[in-house]
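What follows is a single structure, written as structure tokens, with notes after it.
Computed from heavy atoms alone, side chains included, the values below leave out hydrogens, waters and symmetry copies. These numbers come from a predicted model, not from an experiment.
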Amino acid sequence: MVRRGNDIRIGGDISLRGGSTRRQFLTWSALVGALAFTPELSGAVAHAQSSVPPDYPFRLGVASGDPLPDSVVLWTRLATDPFAPAGGMRPGVVPVRWQIAPDENFRSVTAQGVELATEFDGWSVHVDAAGLEPGREYFYRFLVGPHASTVGRTKTAPAVGKPLPKLDFAWASCQKWEDGYFGAYKDLAASDLDVVFFLGDYIYEYAIKDEGARKGQPRPDAANRETMVLGDYRDRYAMYKADENLAAAHASAPWISTFDDHEVDNNWASQISQDDDDPREFLLRRADAFKAWWENTPVRGNLRPKGPDMSVYRRFSFGDLVDFSVLDTRQYRSDQAHGDGQHAQDSETADPSRTITGPEQEKWILDGFDSPSTWNFLAHQTVISDLAQGLEGDRKVGMDPWSGYEASRHRILDGARDRGVTNVASIVGDIHRTIVSELRRDYQDQVSPVVGVEIATTSIASGKDGADVDSAGAAIVAASPHVQYGNARRGYLRASLTPNEWRSEVRVLDAVSTPGAAVRTAQTVTVPSGRPEIQLS
């Protein structure tokens, strides 16, 4: 429900599902109607509370996402105890008031309304705050009874086609909770960004042992087992979102998110699980995993999964400067060649019938190359470039990234060339190391021309502390001359994009095993517009 002046409209993503009766619907309607004319909900205060009472429901923070020129998604999920089953919430319905304003003190509220947080959706709220001005900073908050959430900062996208001199953005991935602290997010939150891309592995599905950097820290009972059902996935997200640095990063800027494998099951492919479970059982698990991802991610209601299916590939434009095509390289892919792992490329990896995107998404990607924007980015899960290890006759590459799906790479990069795209830009995660590489159609003979630049971000925490150069990184550099830079510390990528250049800072921590570790710039990478050249400084 949205209120603008004296006008009231019902909005959001409230729907009736099996078993709902007309009497129940009238009860909900009466509740919403009453709330529409209530100036403050049970005396809700306008400022964040100085102390946190036991029934405080905003322990998982707030977030915004998927910015458009006239709207942005506002998100929260109610939980009084992130480490208790169901976040400590009792069954029922909770009215949640939201407000968005151009100032953080909410002296002039642009829009406000009430949504119902329900048990069915894990007490999550997704507000599509519409009617906003393009390219503008806003602040938002949620209110429940006497409780006020943290104030979040967000920003709408500039009007499509409008000249945009600069976009400041970051991308991150892979945040295995038990491997270390999320100190990179404290740095990201202080960076005054226009948008943040999260490119997969938000949670990890494995059972969590009480060891490592976070040994002895609170965790739900469900953490002791691999996530298989909806309740366990919900509890895993709650445990992650209780991290104060992650919460601060979410509240600092709008996020555009996609998933990779660990939000469901390691290296899953379409209807195939890692352990070749019965596809019917795996699809039930995938449905629960997708539902939990949607509940815990600031995306619109139209992305709500339909059973085991969820359409998440989508495109975002920022003025005339850049289009970002956000991909899904899990749901539609062929099974990994050679049973996964590291293998030599051969007729199976080059088989034109195999795909990492599926034919419909592939066409959509190619159509996006027709954009008139100065830059065209692919924002997705894992590397397009080969990261080979081994020399001469022992050259091997991963079967899970695009190196195991060579025909998909050929079709995408050839399609970009045919449409006159002079510099394909790819940002990815997944590999727990920063890798800056040239994009080529083929890599084994190194004679294919360079057609773009790909920058993979390292992990937020996955892989523990890491090193500037580790043995795997040295092996990749030795066998992959197209790789221009590598670093295996933890961290993220922070970038400024202009019509003339894409400038990225590799932000790393020397340790994630220790809270409060400093963040530094290990390398700066500059790519000039229209020329796929990698300049390091």
Side-chain angles (χ1 to χ4, degrees), residues 51-63 76-89 122-124 149-150 172-190 198 200-252 262-263 266 289 292-293 295-297 432 458-466 489-492 508-519:
S51 61
V52 182
D55 62 342
Y56 183 70
F58 297 113
R59 296 175 191 269
L60 304 184
V62 301
T76 193
R77 177 185 164 201
L78 306 183
T80 57
D81 182 356
F83 308 110
M89 298 294 291
W123 292 278
S124 66
S149 74
T150 299
S173 75
C174 303
Q175 49 193 37
K176 194 176 184 184
W177 183 87
E178 61 268 39
D179 274 6
Y181 293 92
F182 297 168
Y185 279 135
K186 182 177 180 180
D187 185 70
L188 184 151
F198 190 85
D201 296 345
Y202 192 98
I203 62 167
Y204 280 71
E205 80 282 17
Y206 307 126
I208 299 175
K209 298 178 180 179
D210 191 16
E211 60 186 29
R214 300 202 194 220
K215 179 179 173 61
Q217 289 197 4
R219 63 199 67 195
D221 291 340
N224 297 317
R225 56 184 178 267
E226 184 169 348
T227 53
M228 300 294 291
V229 296
L230 179 58
D232 289 352
Y233 281 107
R234 284 171 169 169
D235 288 350
R236 191 65 58 92
Y237 278 100
M239 183 185 74
Y240 274 59
K241 285 181 174 290
D243 184 279
E244 62 180 2
N245 288 326
L246 174 56
H250 270 300
S252 71
H262 289 291
E263 289 88 348
N266 181 54
W293 182 87
E295 290 173 351
N296 286 279
T297 306
H432 304 175
T458 186
S459 58
I460 291 292
S462 306
K464 304 180 181 178
D465 286 342
R489 297 283 185 192
R490 310 283 75 85
Y492 74 102
V508 302
L509 300 86
D510 289 330
V512 292
S513 56
T514 304
V519 182

In Å, rounded to the nearest 0.5 Å, how long is the span from [atom1] of [X] to [atom2] of [Y]?
X    : Y    : atom1 : atom2 : answer
F198 : Q175 : CZ    : CD    : 4.0 Å
T150 : L60  : OG1   : CG    : 11.0 Å
K176 : E205 : NZ    : CD    : 8.5 Å
W123 : M89  : CH2   : CE    : 6.0 Å
N245 : H250 : CG    : NE2   : 12.0 Å
D55  : L78  : CG    : CG    : 11.5 Å

Would you say [X] and [Y] make side-chain contact, with heavy atoms under 4.5 Å?
X    : Y    : result
Y492 : T458 : no
F58  : T76  : yes
E178 : R219 : no
Y240 : Y204 : yes
P54  : T80  : no
E295 : R234 : yes
M239 : I203 : no
R236 : Y202 : no

Contact summary for [X] and [Y], nearest pair of heavy atoms:
X    : Y    : answer
A517 : L509 : O-CD2, 3.8 Å
C174 : S459 : O-CB, 3.2 Å
D235 : A84  : OD1-O, 4.0 Å
S173 : G200 : CB-O, 3.4 Å
A172 : Y185 : CB-OH, 4.1 Å
A184 : I460 : CB-CD1, 3.9 Å

* **Side-chain H-bond candidate by donor/acceptor type, Y233 with N296, under 3.5 Å** =>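 Short answer, no.
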* Asked: Salt bridge or not for D465 and R490, using N-O below 4.0 Å?
  ->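 R490 and D465: not salt-bridged.
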* If you count the non-hydrogen atoms of other residues, nucleotides and ligands that lie under 6.0 Å from NZ in K186, is the total more than 12? ->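 Atom NZ in K186 is not packed in, count stays at 12 or less.
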* Asked: Would you say E226 has more than 12 foreign heavy atoms packed within less than 6.0 Å of its CD?
  ->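 More than 12 heavy atoms, drawn from other residues, nucleotides or ligands, come within 6.0 Å of this atom.
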* **Candidate pair H262 and Y206, rule ring-ring contact (aromatic ring centres under 6.0 Å, His included), full reasoning** => CA-CA 8 Å; H262 289 291; Y206 307 126; 5.4 Å; yes
* Which is it for Y181 and R214 under the side-chain contact (heavy atoms from CB on, under 4.5 Å) test, yes or no, and what are the steps along the way? -> CA-CA 8 Å; Y181 293 92; R214 300 202 194 220; 4.2 Å; yes
